[in-house]
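To start, the structure under review is shown below, and the notes come after it.
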Amino acid sequence: MAVVPASLSGQDVGSFAYLTIKDRIPQILTKVIDTLHRHKSEFFEKHGEEGVEAEKKAISLLSKLRNELQTDKPFIPLVEKFVDTDIWNHYLEYQQSLLNESDGKSRWFYSPWLLVECYMYRRIHEAIIQSPPIDYFDVFKESKEQNFYESQESIIALCTHLQQLIRTIEDLDENQLKDEFFKLLQISLWGNKCDLSFSGGESSSQNTNVLNSLEDLKPFILLNDMEHLWSLLSNCKKTREKASATRVYIVLDNSGFELVTDLILGDFLLSSELATEVHFYGKTIPWFVSDTTIHDFNWLIEQVKHSNHKWMSKCGADWEEYIKMGKWVYHNHIFWTLPHEYCAMPQVAPDLYAELQKAHLILFKGDLNYRKLTGDRKWEFSVPFHQALNGFHPAPLCTIRTLKAEIQVGLQPGQGEQLLASEPSWWTTGKYGIFQYDGPL
Ligand code: F6P
Ligand code: MG
């Protein structure tokens, strides 16, 4: 097996991982408890006393969780039976087996950061499913919806842009089409600034027209492999036989504004014939506050369709049609909410890996996907992306991510060190973004 560096961890006092575990995730837990409190009367109306009792139970489980976290207690196995419970418990045991006797038990500040964060969101889910009849409740739904409503103006601007573009798309020459593709890719990139786990669950919507800011944001794209994406897809388009398909997979990240930017990109891929099918992958349970579930996906398309704005509602109607015709397909898979790095996918979720191998291109949205692609490890800045993927090469892939964690590979020698010297928090504020491609050139 290849030698890989150690995981990012809360053990490194002062690191972004440490600060996240110490400050940000307890804050998220507190917000979750508060959300449940605020829904008490809704639970009563729906389920009577039973609903109120369930709310109390969920709150007490979550308060216990917060206490475990703040006092750095050992991880405990999951207890409630769910599709992934055994895989999770097995993984917790495996992590324990990696420790030396003197390290004691796996716990919050002494485990890989990726595991810690995933474990917390999975335990939140466990507290909810242990509390019927409110076991359907998505504690983050409100903030995801708020992000969508607060981004209305930007969404209208994007939908209008797309609809006008589609009307003239046949008249565009190759270069103009490429320019439009690049514009929508960049919009999808900057849409990734709207992650709610980063802001501790506080609103982080998009209320300026991002189309007007693209030029100003260009200097903040640290790695830009957009040209490779264009070559790949325009080649597929040129060489495609009549009845054959070009499949682009988008591994989604956040709902709300970012999801709109991804759907706009997905629409453009079909309208430009750069792809004939777009497959979206979302999360099966509420995850990292703002990540997209099937409910968010359907809800958002419904909202867009019923907008009073002509072009926005046209987008929603078209998107629904794509789904009906099977040109857009949404997929669920439990793997996306496991703590494993993606190089473990062939062993842990061979069915998913086989599915991904059918893609012509996979776009991984967001920071968490980047962390899982690279194993959330302390790689040197100049290590090639291909190497950091550690054997995960199902198909040509590209990550589209704003940087919100202390991890970045594939930079020029000295580039990361220079950024660090002039701007110590350059890789954790979401200010910079990347398009990083791995695949045939
Ligand atoms: O805690 C903040 C944070 O967890 C990041 O460190 C993490 O990688 C990110 O949120 C999730 O971001 P994204 O929504 O882009 O995957
Ligand atoms: Mg996210």
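Worth knowing before you read on, the calculation uses all heavy atoms, side chains too, and leaves out hydrogens, waters and symmetry mates. The model shown is predicted, which means the values in this text are computed figures rather than measured ones. Ligands are counted one by one from 1 in listed order, and the atoms in each one are counted from 1 as well.
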- Task: Could you tell me whether ligand 1 has any atom less than 4.0 Å away from a heavy atom of Trp113?
- Result: yes
- Message: Would you say OH of Tyr149 has more than 12 non-hydrogen atoms from neighbouring residues, nucleotides or ligands within 6.0 angstrom?
- Response: yes
- Item | Residues Glu227 and Tyr437: side-chain donor-acceptor under 3.5 angstrom | no
- Query: With a cut-off of 4.0 Å, which atoms of ligand 1 are near a heavy atom of Lys404?
  - Reply: 5 (C), 6 (O), 12 (O), 13 (P), 15 (O)
- Message: Can you confirm whether Leu356 sits close enough to Tyr281 that some side-chain heavy atom of one is under 4.5 Å from a side-chain heavy atom of the other?
- Response: yes
- Item | Ligand-residue contact atoms, ligand 1 with Arg24, heavy atoms, under 4.0 Å | 1 (O), 2 (C)
- Message: Within ligand 1, which atoms have a heavy atom of Asp253 less than 4.0 Å away?
- Response: 13 (P), 14 (O), 15 (O), 16 (O)
- Query: Should Leu368 be counted as touching ligand 1, given the test is an N or O pair under 3.5 Å?
  - Reply: yes
- Numbered atoms of ligand 1 (with element) below 4.0 Å of Asn192, judged on heavy atoms: 15 (O)
- Task: Taking the side chain as every heavy atom from C-beta outward, state whether Phe435 and His228 have any pair of such atoms under 4.5 Å apart.
- Result: no
- Query: Which N/O/S atom belongs to Asp253 and is the closest one to the Mg ion (ligand 2)?
  - Reply: OD1
- Task: Look at Asp138 together with Lys144 and state whether they make a salt bridge at an N to O cut-off of under 4.0 Å.
- Result: yes
- Task: For Thr20, take its heavy atoms, then give the atoms of ligand 1 lying under 4.0 Å from any of them.
- Result: 1 (O)
- Message: Angle between ring planes, Trp328 versus Phe297, binned at 30° and 60°: parallel, tilted or perpendicular?
- Response: tilted
- Query: Does Phe16 come within less than 4.0 Å of ligand 1, judged by its heavy atoms?
  - Reply: yes
- For ligand 1, which atoms sit closer than 4.0 Å to a heavy atom of Arg371? 4 (O), 5 (C), 6 (O), 7 (C), 8 (O)
- Message: Once you measure the plane-to-plane angle for Phe335 and Tyr342, does it fall in the parallel (<30°), tilted (30-60°) or perpendicular (>60°) bin?
- Response: tilted
- Message: To make sure I understand the geometry: which N, O or S atom in Asp291 is closest to the Mg ion (ligand 2)?
- Response: OD1
- Query: Do the charged groups of Lys283 and Asp296 touch, with an N to O distance under 4.0 Å?
  - Reply: no
- Task: Mark up the atoms of ligand 1 that fall under 4.0 Å of a heavy atom belonging to Phe288, in ascending order.
- Result: 4 (O)
- Task: Report yes or no: does Ser290 have an N/O/S atom closer than 2.8 Å to the Mg ion (ligand 2)?
- Result: no
- Is the shortest heavy-atom distance from the side chain of Ser111 to the side chain of Gln95 under 4.5 Å? no
- By number and element, which atoms of ligand 1 are closer than 4.0 Å to a non-hydrogen atom of Asn254? 14 (O)
